[in-house]
Amino acid sequence: MKLYGFGPTRSLRALWGLKELDADFEFVSVNLLAGEHKRTEFLRLNPAGKLPVLVDGDIVIPESAAIVLYLADKYREKGLLPAGLEARANVYRWTMFAVTELEQPLWRISKHTSLYPEEKRLPADIALAREEFLAMAELLDSHLKGRRFIVGDSVTVADCVTAYLVDWANELRLIDGFAELRAYLERMYARPAAPPRIAEALKTIRAA
């Protein structure tokens, strides 16, 4: 398998899944800063020109959450997807919660603070996105009380997808008031399989 990715992007989420599964793979760096994601050979893999992309033989999978779900299904014996139907349903639920309710406001904040040209940035949208994120973060914080992981007693897809977002929110100082989320963040990144934190990945590309 090959994982096409770069620095502090959602590639870290896919990398987390691969490392938790101890899967054999090659990491292929696609330098966004140099525009390599716009090259014809990469657009053949993902016409959207976005990272990460997993290639497993003839199977090509963009979208980081989909990659982790695919890997968990491929290596079902490793337990990133639970055996029981109800537990799997909860993994799907919290995975979708992460990518719809947590990730979208974080992405909007990032676009309107640094990614869009200045003339397209909307301060009002940043404020709205912060409100939306904090409301949903409160739900997850409450859910994590008395739990080490989001679903069950071991790490699952939901954790691989969500922990990256909690780190992203931490970079934006959005989890300062959530004790459970802060403790969860530290637990997850203390795992041997954890990928680099976003701040560490940023240092790497800045030093390159």
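Since the model is a prediction, treat every value here as computed from it, not as a measurement. All values below were derived from every heavy atom in this structure, side-chain atoms included, with hydrogens, water molecules and symmetry-related copies excluded.
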- Apply the test side-chain contact (heavy atoms from CB on, under 4.5 Å) to residues Arg197 and Glu200: give CA-CA distance (whole Å), side-chain angles for both, the deciding distance (0.1 Å), then the verdict. CA-CA 5 Å; Arg197 298 279 292 262; Glu200 295 170 15; 3.9 Å; yes
- Message: Run the side-chain contact (heavy atoms from CB on, under 4.5 Å) test on Glu103 and Arg10 for me, step by step, so that the C-alpha distance in whole Å, both residues' side-chain angles and the decisive distance to 0.1 Å come before the verdict.
- Response: CA-CA 10 Å; Glu103 183 166 327; Arg10 296 172 183 87; 2.4 Å; yes
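Using a 4.5 Å heavy-atom threshold, the side chains of Asn170 and Ile198 count as separate. The shortest distance between side-chain heavy atoms of Met1 and Leu18 falls below 4.5 Å. Side chains of Ser11 and Val30 form no contact here, defined as non-hydrogen atoms less than 4.5 Å apart. For the pair Ile59/Ile61, a side-chain contact is recorded, criterion being any heavy-atom separation below 4.5 Å from C-beta on. Under the 4.5 Å side-chain criterion, counting only non-hydrogen atoms from C-beta, Ile205 is in contact with Pro8. Using a 4.5 Å cut-off on side-chain heavy atoms (C-beta onward), Ile109 and Arg130 make contact.
Nearest heavy-atom pair across Leu3 and Ala14 is CD1-CB, 3.8 Å. The minimum heavy-atom distance between Val99 and Ala65, with the atom names listed, is CG1-CB, 4.0 Å. Here the closest non-hydrogen pair linking Ser29 and Glu36 is O-OE1, 3.8 Å. Annotation for Thr100 and Pro105: closest pair O-CD, 4.3 Å, computed over non-hydrogen atoms. Nearest approach of Arg182 to Ile175, heavy atoms of both residues: CG-O, 3.4 Å. Across all non-hydrogen atoms, the minimal contact from Gly5 to Leu51 is C-CD1, 3.8 Å.
The backbone N or O of Leu122 lies less than 3.5 Å from a partner atom in the side chain of His112, making a donor-acceptor pair. The backbone N or O of Arg148 sits less than 3.5 Å from a side-chain atom of Arg187, completing a donor-acceptor pair. Judged by distance alone, the side chain of Ser142 and the main-chain N or O of Glu138 form no donor-acceptor pair under 3.5 Å. The closest donor-acceptor contact from the side chain of Lys2 to the backbone of Leu54 lies at 3.5 Å or more, if one exists at all.
Taking a 6.0 Å sphere around CD of Glu41, one finds it holds more than 12 heavy atoms contributed by other residues, nucleotides or ligands. The environment of Gln104 atom CD is dense: over 12 non-hydrogen atoms of other residues, nucleotides or ligands sit within 6.0 angstrom. Within a 6.0 Å sphere centred on CD of Glu119, other residues, nucleotides and ligands contribute more than 12 heavy atoms.
The CG atom of Leu202 lies 10.0 Å from the OG1 atom of Thr9; values are rounded to the nearest 0.5 Å. Atom NZ of Lys19 and atom CG of Leu12 lie 9.5 Å apart (nearest 0.5 Å).
Linking ILVMFWY residues whenever their side-chain heavy atoms come closer than 4.5 Å, directly or via other members, leaves Leu43 and Leu33 in distinct clusters. Under the 4.5 Å side-chain heavy-atom criterion for grouping Ile, Leu, Val, Met, Phe, Trp and Tyr, Trp107 is not connected to Tyr116 through any hydrophobic cluster. In this structure, Leu128 is not a member of the same hydrophobic cluster as Phe133, with clusters built from ILVMFWY side-chain heavy atoms closer than 4.5 Å.
Note: Trp168 and Tyr164 have tilted aromatic rings, judged against thresholds of 30 and 60 degrees for the angle between ring planes.
Among residues two or more places apart in sequence or in another chain, the salt bridge (charged side-chain N to carboxylate O under 4.0 Å, His left out) test is passed with Arg173 by Asp176. For Asp141, the salt bridge (charged side-chain N to carboxylate O under 4.0 Å, His left out) criterion is met by no residue, not counting sequence neighbours.
A salt bridge does not link Arg147 to Glu180: none of the charged nitrogens lies less than 4.0 Å from a carboxylate oxygen. Arg108 has a carboxylate O that lies under 4.0 Å from a charged side-chain N of Glu132, or vice versa, which qualifies the two as a salt bridge.
The only member of Asp167, Leu140, Leu144 that meets side-chain contact (heavy atoms from CB on, under 4.5 Å) when paired with Thr162 is Leu140.
For residues 4-59, the set of pairs meeting the ring-ring contact (aromatic ring centres under 6.0 Å, His included) definition, not counting sequence neighbours, comprises Trp16-Tyr189. Sorted by first and then second residue, the pairs that involve residues 62-83 and meet side-chain hydrogen bond (donor to acceptor under 3.5 Å, both in side chains), not counting sequence neighbours, are Arg13-Ser64, Asp56-Tyr70, Asp56-Lys74, Asp73-Arg76. Annotation: ring-ring contact (aromatic ring centres under 6.0 Å, His included) contacts involving residues 142-161, sequence neighbours excluded, comprise Trp94-His143.
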Under 3.5 Å, sequence neighbours excluded: what are the donor-acceptor pairs made by side chains of residues 150-161?
{"unit_1": "Thr156", "atom_1": "OG1", "unit_2": "Ala158", "atom_2": "N", "d": "3.2"}
{"unit_1": "Asp159", "atom_1": "OD1", "unit_2": "Ile150", "atom_2": "N", "d": "3.1"}
{"unit_1": "Asp159", "atom_1": "OD1", "unit_2": "Tyr184", "atom_2": "OH", "d": "2.7"}
{"unit_1": "Asp159", "atom_1": "OD2", "unit_2": "Thr156", "atom_2": "N", "d": "3.0"}

